[in-house]
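Written below as structure tokens is the structure these notes are about.
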Amino acid sequence: MEWLVNVHSVWRWVVLLLALGAIVLALLSAYGGRPWDSLSDRLSLFFTISMDIQLLIGAAVWVTESRWTGDVVLAWIHPLAMIVAVALAHIGRSRSDRASGDANKGRQAALFFIVSLLVVLIAIPLGSWPI
């Protein structure tokens, strides 16, 4: 199932690009640079959906490759941290949906999306970084 690992590796770039776009638009809304409009809302939706897809692909890799054995980081820390990151992204989207005003929507989304992205970046094993 090496192809599934490759899909998981490639899809991370989609997640990263959508995360950066959603964070930029959220920060611009938070600081009054632009309204929280349908583009901001859709980008935040696509970011959370991309995180869900990545989590599902990762779960499939974890099960098919028996990743719960061996390296503790890949076996447990990485998957659990990614579940937390996905939850944070969804909380940010939900809170931004419920917030009133463009700045509040942007602040809620930016806070949770940034923390979610930081959890993702911290939980990526060093051997997986493309540098």
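Every heavy atom of this structure was used, including side-chain atoms; hydrogens, water molecules and symmetry mates were not. Bear in mind the structure is a predicted one, so any value in this text is a computation, not a measurement. We're numbering straight along the sequence, starting at 1.
There is a path of hydrophobic side-chain contacts, each under 4.5 Å, that joins Phe46 to Trp13. Residue Leu118 is not grouped with residue Leu88 when hydrophobic side chains (ILVMFWY) are merged at heavy-atom distances under 4.5 angstrom, including chains of intermediate members. Hydrophobic clustering keeps Val115 apart from Ile77 (ILVMFWY residues linked when any side-chain heavy atoms are closer than 4.5 Å, directly or through intermediates). If you chain together hydrophobic residues whose side chains sit under 4.5 Å apart, Leu56 and Met1 never meet in one group. Grouping the Ile, Leu, Val, Met, Phe, Trp and Tyr side chains by contacts below 4.5 angstrom, directly or via other members, places Val84 apart from Ile114.
For the residue pair Phe113 and Gly92, the shortest heavy atom distance occurs at CE2-C, 4.1 Å. Taking every heavy atom of both residues into account, Met51 and Val120 meet most closely at CE-CG2, 4.0 Å. In terms of heavy-atom proximity, Ala26 sits nearest to Ala110 at CB-N, 3.6 Å. Across Phe47 and Ala22, no two heavy atoms sit closer than the pair CB-CB, 4.2 Å. For the residue pair Val119 and Ala81, the shortest heavy atom distance occurs at CG1-O, 3.3 Å. Taking both residues in full, the closest heavy atoms of Ala60 and Leu4 are given as CB-CD2, 3.6 Å, listed atom of the first, atom of the second, then distance.
From Ser9, atom OG reaches atom CD of Glu2 across 8.0 Å, with rounding to the nearest 0.5 Å. For the atom pair Ile91 CD1 and Phe112 CZ, the distance stands at 6.0 Å (nearest 0.5 Å). Annotation: the span from Ile23 atom CD1 to Leu117 atom CG amounts to 4.5 Å, rounded to 0.5 Å. Interatomic distance, Arg42 CZ to Ile49 CD1, rounded to the nearest 0.5 Å: 11.0 Å. Between the CE atom of Met82 and the CZ atom of Arg12 there is a distance of 10.0 Å, given to the nearest 0.5 Å. In this structure, Leu27 CG and Leu111 CG are separated by 10.0 Å, a value rounded to the nearest 0.5 Å.
In this model, no donor atom of one side chain and acceptor atom of the other lie less than 3.5 Å apart for Ser38 and Asp41.
Under the rule for a side-chain hydrogen bond (donor to acceptor under 3.5 Å, both in side chains), Asp97 has no partner lying at least two apart in sequence or in another chain. Evaluation of the side chain to side chain contact (heavy atoms under 4.5 Å, CB included) rule for Trp11 yields Val14, Val15, Ser50, Ile53, Gln54, Ile57 as partners, not counting sequence neighbours.
The side chain to side chain donor-acceptor pair (under 3.5 Å) test with Gln108 singles out one residue from Arg98, Arg93, Arg95, and that residue is Arg95.
In this structure, Ser94 contributes its side chain and His90 its backbone to no donor-acceptor pair below 3.5 Å. A distance-only check finds no donor-acceptor pair linking the side chain of Trp36 to the backbone of Ala103 [under 3.5 Å]. Distance alone, capped at 3.5 Å, places no donor-acceptor pair between the Ser96 side chain and the Lys105 backbone.
Ser40 places a side-chain heavy atom less than 4.5 Å from the side chain of Arg34.
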